[in-house]
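Here the structure comes first, spelled out in structure tokens, and everything after it is commentary.
Note that the structure is a prediction, hence the values are computed from the model and not measured. Position 1 is the first residue of the sequence; numbering continues from there.
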Amino acid sequence: MAGPLPIGDPAPSDGLLPAQAADGAAERALGLYVHVPFCRVRCGYCDFNTYTATELRGVAQADYAAQAIGELRFGAAALEASGLPPRELSTVFFGGGTPTLLPAAQLVEMLTAARREFGIRPGAEVTTEANPDSVDAAYLAELRDGGFTRVSFGMQSAVPSVLATLDRTHDPERVPLVVAWARDAGLDVSLDLIYSTPGEQLADWRTSLEAAIAASPDHLSAYSLIVEDGTKLARQVRRGELAAPDDDLAADMYELADELLAEAGFGWYEVSNWARGDEHRSRHNLGYWRGDDWWGVGPGAHSHVGGVRWWNAKHPAAYADRIAAGVSPAVGRETLDAATRETERVLLGTRIREGLEIATLPESGRAAVAGLIADELVEPKAALGGRLTLTRRGRLLADAVVRRLLD
């Protein structure tokens with residue numbers, strides 16, 4: 001199960017936001033995240049807020065779309081009542097969990113409600129996550145007909161032993177099939193990979209990368225496995241059943257990924273993300289990294305508008321009760337002060353290829369740039385042009401770069 005929610009102030013039942021949330025809102029993009037908290041099985045490494053059928057006590061999966069639509073209606077009204085200008089959604093992202101455990105018609109129904117309540121910009125990016133074994137060609141075509149533009153498949157690995165360690169149940173040979181079906185439906189395709197799984201060797205990782213590239217997706221994400229407290233994987237590592245991930249091997253795996261993906265025509269645009277051209281970057285995730293606004297729908301979902309952050313009740317039953325009562329599903333929130341917002345701006349902006357304008361850094365950060373160039377963590381040519389952009393080595397040490405910029 002996911003860890004505890006953050007500690008914050010109580011969230012008001014009417015969902016109204018403080019006046020600061022409206023400042024500059026017209027210049028910020030608004031995205032929508034819809035959390036679908038259902039999984040067929042629980043993967044041993046996962047600490048997301050997800051539930052299998054036996055864990056859903058007091059709530060039915062079939063009722064979820066109506067509950068999410070209730071929050072969409074509530075959210076649009078709360079933003080208007082808080083004095084924010086009307087903004088059509090720039091991006092919509094269905095994540096989880098496994099959104100595609102729901103019928104395609106229900107995903108389309110929620111998207112239609114989002115269009116009705118908020119409006120969706122022409123050409124908006126609309127994505128759903130999916131497992132390779134949770135869709136077929138007809139399902140993907142129904143999504144595209146309903147307004148989806150993109151699908152992100154959880155491939156994770158092409159090596160059966162690695163998938164088994166991760167408790168992933170799909171057949172790796174199905175990945176090229178679902179990519180082809182998605183392409184036939186007219187959808188952009190992303191593949192998600194995980195590296196440094198216990199027992200995974202560099203040769204295994206190369207096999208997964210080569211298989212992912214051969215499937216010809218538009219976008220690829222590669223995340224180093226983190227052993228999260230409270231997960232099955234953490235217990236296995238603690239008992240000595242599995243070895244903890246090796247940081248040096250993880251660095252070698254990242255460098256291999258960057259090399260092979262660059263050779264295949266993918267360019268990095270965020271530390272863990274590569275795309276075949278800027279038009280295939282995840283615009284929704286870029287909104288997070290750039291500090292835009294988003295409303296998060298669903299159990300445990302987090303939202304952010306103008307420096308105000310809030311989070312919903314975690315369990316689907318508690319979430320459903322609040323929606324049925326007509327009150328905000330949020331149970332806590334925080335208003336970020338100027339110093340925290342600046343720290344987050346530097347932390348997130350450093351991770352993306354565009355980087356940061358050096359002139360916007362604090363004086364100590366500007367003074368640190370020369371040393372970062374000398375340590376081969378920052379691109380010297382970009383720095384001479386006034387922007388701080390990470391080298392490959394800098395991407396591996398991004399947290400250390402941020403600390404030096406903020407010290």
Side-chain angles (χ1 to χ4, degrees), residues 15 17 21 25-26 28-38 61-82 84-130 139-152 185-188 190 282-288 292-306 310-312 316 319-320 322-324 326-330:
L17 300 176
R28 296 192 303 270
L30 177 64
L32 176 70
Y33 172 75
V34 181
H35 184 65
V36 181
F38 310 122
Q61 185 171 304
D63 296 333
Y64 181 70
Q67 294 158 6
I69 290 169
E71 185 179 357
L72 287 168
R73 190 180 306 117
F74 180 93
L79 289 179
E80 181 180 5
S82 299
L84 277 85
R87 289 174 292 170
E88 293 183 322
L89 299 170
S90 298
T91 61
V92 181
F93 194 103
F94 286 73
T98 310
T100 46
L101 283 184
L102 297 180
Q106 290 189 11
L107 298 186
V108 171
E109 184 183 5
M110 288 184 273
L111 179 60
T112 300
R115 182 176 290 108
R116 181 175 62 247
E117 300 298 338
F118 289 89
I120 297 179
R121 288 183 180 178
E125 176 191 272
V126 181
T127 304
T128 186
E129 294 181 332
Y139 190 107
L140 293 165
E142 188 172 352
L143 290 181
R144 182 66 182 89
D145 291 344
F148 284 79
T149 67
R150 188 172 179 273
V151 61
S152 179
L187 295 165
D188 262 27
S190 178
S282 170
R283 285 182 270 154
H284 185 82
N285 287 340
L286 278 169
Y288 296 148
D292 288 335
D293 293 345
W294 71 90
W295 191 287
V297 166
H302 287 231
S303 303
H304 170 266
V305 175
W310 66 95
W311 44 91
N312 288 350
Y319 172 81
R322 297 178 76 90
I323 294 296
V327 301
S328 171

CZ of Phe74 to CH2 of Trp295: how many Å apart, nearest 0.5 Å?
6.5 Å

Atom pair OH/CG of Tyr33 and Asn285 - distance to nearest 0.5 Å:
10.0 Å

Does Glu125 use its side chain to pair, donor to acceptor, with the backbone of Arg283 at less than 3.5 Å?
yes

Non-hydrogen side-chain atoms of Tyr139 and Leu107 separated by less than 4.5 Å:
yes

What closest approach, in Å, do Gly147 and Leu111 show between heavy atoms, and which atom pair accounts for it?
C-CD2, 3.8 Å

Mind checking the NE2-CG spacing from His304 to Leu30? Nearest 0.5 Å is all I need.
11.5 Å

Grab the two heavy atoms, one from Leu187 and one from Leu140, that are nearest each other, plus how far apart they are.
CD1-O, 3.8 Å

Heavy-atom closest pair (Met110 atom, Ala68 atom, distance to 0.1 Å) is SD-CB, 3.6 Å

Show the nearest heavy-atom pair for residues Ser303 and Gly296, with the distance to one decimal.
OG-N, 2.7 Å

Where the side chain of Ser328 meets the backbone of Gly15, is there a donor-acceptor pair that is under 3.5 Å apart?
no

So Glu129 and Phe93, do their side chains get closer than 4.5 Å, heavy atoms only?
yes

Output the distance between atom CG (Leu101) and atom OH (Tyr64), rounded to the nearest 0.5 Å.
13.0 Å

Nearest 0.5 Å, what's the NE2-CD distance between His35 and Glu71?
11.5 Å

Is Arg322 reaching over with its side chain to a backbone N or O of Ala330, donor-acceptor style, under 3.5 angstrom?
yes

Does the side chain of Asp188 reach to within under 4.5 Å of the side chain of Thr127, using non-hydrogen atoms?
no

From Arg150 CZ over to Arg144 CZ, what is the distance, rounded to the nearest 0.5 angstrom?
13.5 Å

Under a 3.5 Å distance rule, please check whether Thr128 uses its side chain to pair with a backbone N or O of Val151 as donor and acceptor.
no

With distance as the sole test, does Gln67 use its side chain to make a donor-acceptor pair with the main-chain N or O of Ile323 at under 3.5 Å?
no

Who passes side chain to side chain contact (heavy atoms under 4.5 Å, CB included) against Pro85, sequence neighbours left out?
Ala25, Ala26

Where Leu72 and Ala114 come nearest, the two heavy atoms and their spacing:
CD1-N, 3.9 Å

Given side chains that start at C-beta, do those of Trp310 and Val305 come closer than 4.5 Å, heavy atoms only?
yes

Looking at every non-hydrogen atom in both residues, tell me the closest pair between Ser90 and Arg121 and how far apart they are.
OG-NH1, 3.1 Å

Would you indicate whether the side-chain heavy atoms of Val297 and Phe94 approach each other to under 4.5 Å?
no

Among pairs that include at least one residue of residues 87-99, which meet salt bridge (charged side-chain N to carboxylate O under 4.0 Å, His left out), considering only residues two or more places apart or in two chains?
Arg87-Asp293

With side-chain contact (heavy atoms from CB on, under 4.5 Å) as the criterion, how do Leu286 and Asp292 come out once you've worked through the C-alpha distance, each side chain's angles and the decisive distance to 0.1 Å?
CA-CA 9 Å; Leu286 278 169; Asp292 288 335; over 6 Å; no

